[in-house]
Amino acid sequence: MDERKRRRAHWLRDFLCGALIGAGAILPGVSGGVLAVVFGIYRPFMEVLTRPRKAVPRYWRMLIPLGLGWAAGFLGVAKGVAAAMTLSDAVTYWLFIGLIAGTAPSLFREAGKEGRSASAWGSFLLCAAAVFAGLFYVSRVVHVQVEPNFWWYNFCGALWGMGVVIPGMTSSSVMMALGLYRPMLEGLARLDFLVLAAALPGMFLTIALLARLVTWFFRRHYAVAFHGILGFVIASTLVIIPAEYTGAGEMALSALCAAAGFGLAFFLARMDKREAETA
């Protein structure tokens with residue numbers, strides 16, 4: 001009975017993590033790859049992509065709820081996120097800021113598993129500065145608008161794929177700068193065939209092409225890579241902090257959602273800890 005409860009709890013945890021990773025790919029400034037790292041899913045996922053014969057028998061129980069959760073988060077949450085952002089961008093952003101803040105400590109511990117050398121801290125500072133400057137430039141300086149079509153939707157899918165394989169890659173911010181984000185979001189929400197037929201193949205092909213290269217880099221330069229991710233997380237989170245509010249009510253609701261996101265991250269971390277203790 002205890003084993004059955006443990007499996008159910010683990011299944012629920014994987015489903016929730018998959019949903020959050022899928023939703024994280026939708027929200028500007030949030031990286032699904034980073035959420036995969038902080039939830040402890042990134043390594044198994046990359047192993048499945050690069051060494052499927054060995055990894056699939058080992059992780060198949062995790063893949064099913066993760067896949068279902070990701071589909072629910074990526075496709076199902078698209079409509080909800082679009083509606084939430086229409087009501088209040090600030091509140092929606094603070095929900096995910098709270099989530100990232102709650103998972104950042106585990107990411108910091110993960111980054112330091114093999115030490116914190118000068119090159120690792122250099123990677124942290126360089127990545128943080130580059131990501132912050134790049135996202136600020138794209139969102140505040142560049143005002144390029146393109147006409148959505150099949151190839152641009154394919155490009156959006158490739159950006160999402162990069163966000164999955166390269167933690168810290170906040171692809172949605174680039175889409176917003178090009179005027180592609182809202183058409184993509186609306187197309188996903190209504191399951192538009194053109195959007196799905198262009199974006200999903202582009203995403204999966206990018207994941208397959210980049211998986212081995214990224215895995216090699218993490219294997220050879222673990223501390224440097226993970227401290228770079230830490231810089232990505234902090235910089236991308238700082239960029240999306242809302243600066244304008246409609247009033248005290250929106251500020252209070254934003255604080256509540258930030259606390260809820262932090263609490264959910266804490267709940268998932270506790271589930272991970274219990275799983276490790278019983279393993």
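Below, each value reflects all heavy atoms present in this structure, side chains not excepted, and no hydrogens, waters or symmetry copies.
- With rounding to the nearest 0.5 angstrom, the CG atom of L16 is 11.0 Å from the CD1 atom of I21.
- V224 and F124 are members of different hydrophobic clusters when ILVMFWY side chains are connected at heavy-atom separations under 4.5 Å.
- By the ring-ring contact (aromatic ring centres under 6.0 Å, His included) test, F226 is found to be paired with F218, Y222, residues two or more places apart in sequence or in another chain being considered.
- Here M251 contributes atom CE and L256 contributes atom CG; the two are 14.0 Å apart, rounded to the nearest 0.5 Å.
- Legend: residues meeting ring-ring contact (aromatic ring centres under 6.0 Å, His included) with F74, ordered by chain and number and at least two apart, are W70, W160.
- Side-chain contact between Y153 and M184: present, with at least one pair of heavy atoms (C-beta onward) separated by less than 4.5 Å.
- Distance check: H227 NE2 to E114 CD gives 11.0 Å after rounding to the nearest 0.5 Å.
- Between V214 and Y42, the closest side-chain pair of non-hydrogen atoms falls below 4.5 Å.
- Of all non-hydrogen atoms in P183 and L180, the two that sit nearest each other are CD-O, 3.4 Å.
- Aromatic pair F15/W11: centroids less than 6.0 angstrom apart.
- Under the 4.5 Å side-chain contact rule for hydrophobic residues, V56 and Y59 share a cluster.
- F150 and F204 fall within the same hydrophobic cluster, where Ile, Leu, Val, Met, Phe, Trp and Tyr residues are linked whenever their side-chain heavy atoms come under 4.5 Å apart, directly or through other members.
- Summarising the geometry, atom CD belonging to E47 is positioned 5.5 Å from atom CZ belonging to R58; distances are rounded to the nearest 0.5 Å.
- Taking the side chain to side chain contact (heavy atoms under 4.5 Å, CB included) definition, one finds that A211 meets it with M46, L49, T50, sequence neighbours left out.
- The shortest heavy-atom contact between F108 and L230 is CD1-CD2, 3.5 Å.
- The heavy-atom pair separating V91 from C257 by the smallest distance is CG1-SG, 3.3 Å.
- Note that the CG atom of L205 and the CE atom of M203 stand 11.5 Å from one another [nearest 0.5 Å].
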Could you go through residues 188-201 and list every donor-acceptor pair under 3.5 Å that involves a side-chain atom there, pairing it with any protein atom two or more places apart or in another chain?
unit_1, atom_1, unit_2, atom_2, d
R190, NH1, E186, O, 3.4
D192, OD1, L194, N, 3.0
D192, OD1, V195, N, 3.2

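- Using a 4.5 Å cut-off between side-chain heavy atoms of Ile, Leu, Val, Met, Phe, Trp and Tyr, with links allowed through other members, L125 and I229 fall into the same hydrophobic cluster.
- Note: R61 CZ to D14 CG = 11.5 Å, rounded to the nearest 0.5 Å.
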Could you pull out every donor-acceptor pair under 3.5 Å between side chains of residues 241-248 and any protein atom, sequence neighbours left out?
unit_1, atom_1, unit_2, atom_2, d
Y245, OH, W94, NE1, 2.8
Y245, OH, P242, O, 3.2
T246, OG1, E250, OE1, 3.3

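- Sorted by first then second residue, the side-chain hydrogen bond (donor to acceptor under 3.5 Å, both in side chains) pairs that include residues 119-131, not counting sequence neighbours, are S117-S119.
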Exercise. Is there a side-chain contact (heavy atoms from CB on, under 4.5 Å) between V164 and F45 once you walk through the steps?
Worked result: CA-CA 10 Å; V164 172; F45 175 70; 3.6 Å; yes
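- The two residues A223 and G115 come nearest to each other via the heavy atoms CB-O, 3.6 Å.
- Between P52 and P57, the closest heavy-atom pair is O-CD, 3.8 Å.
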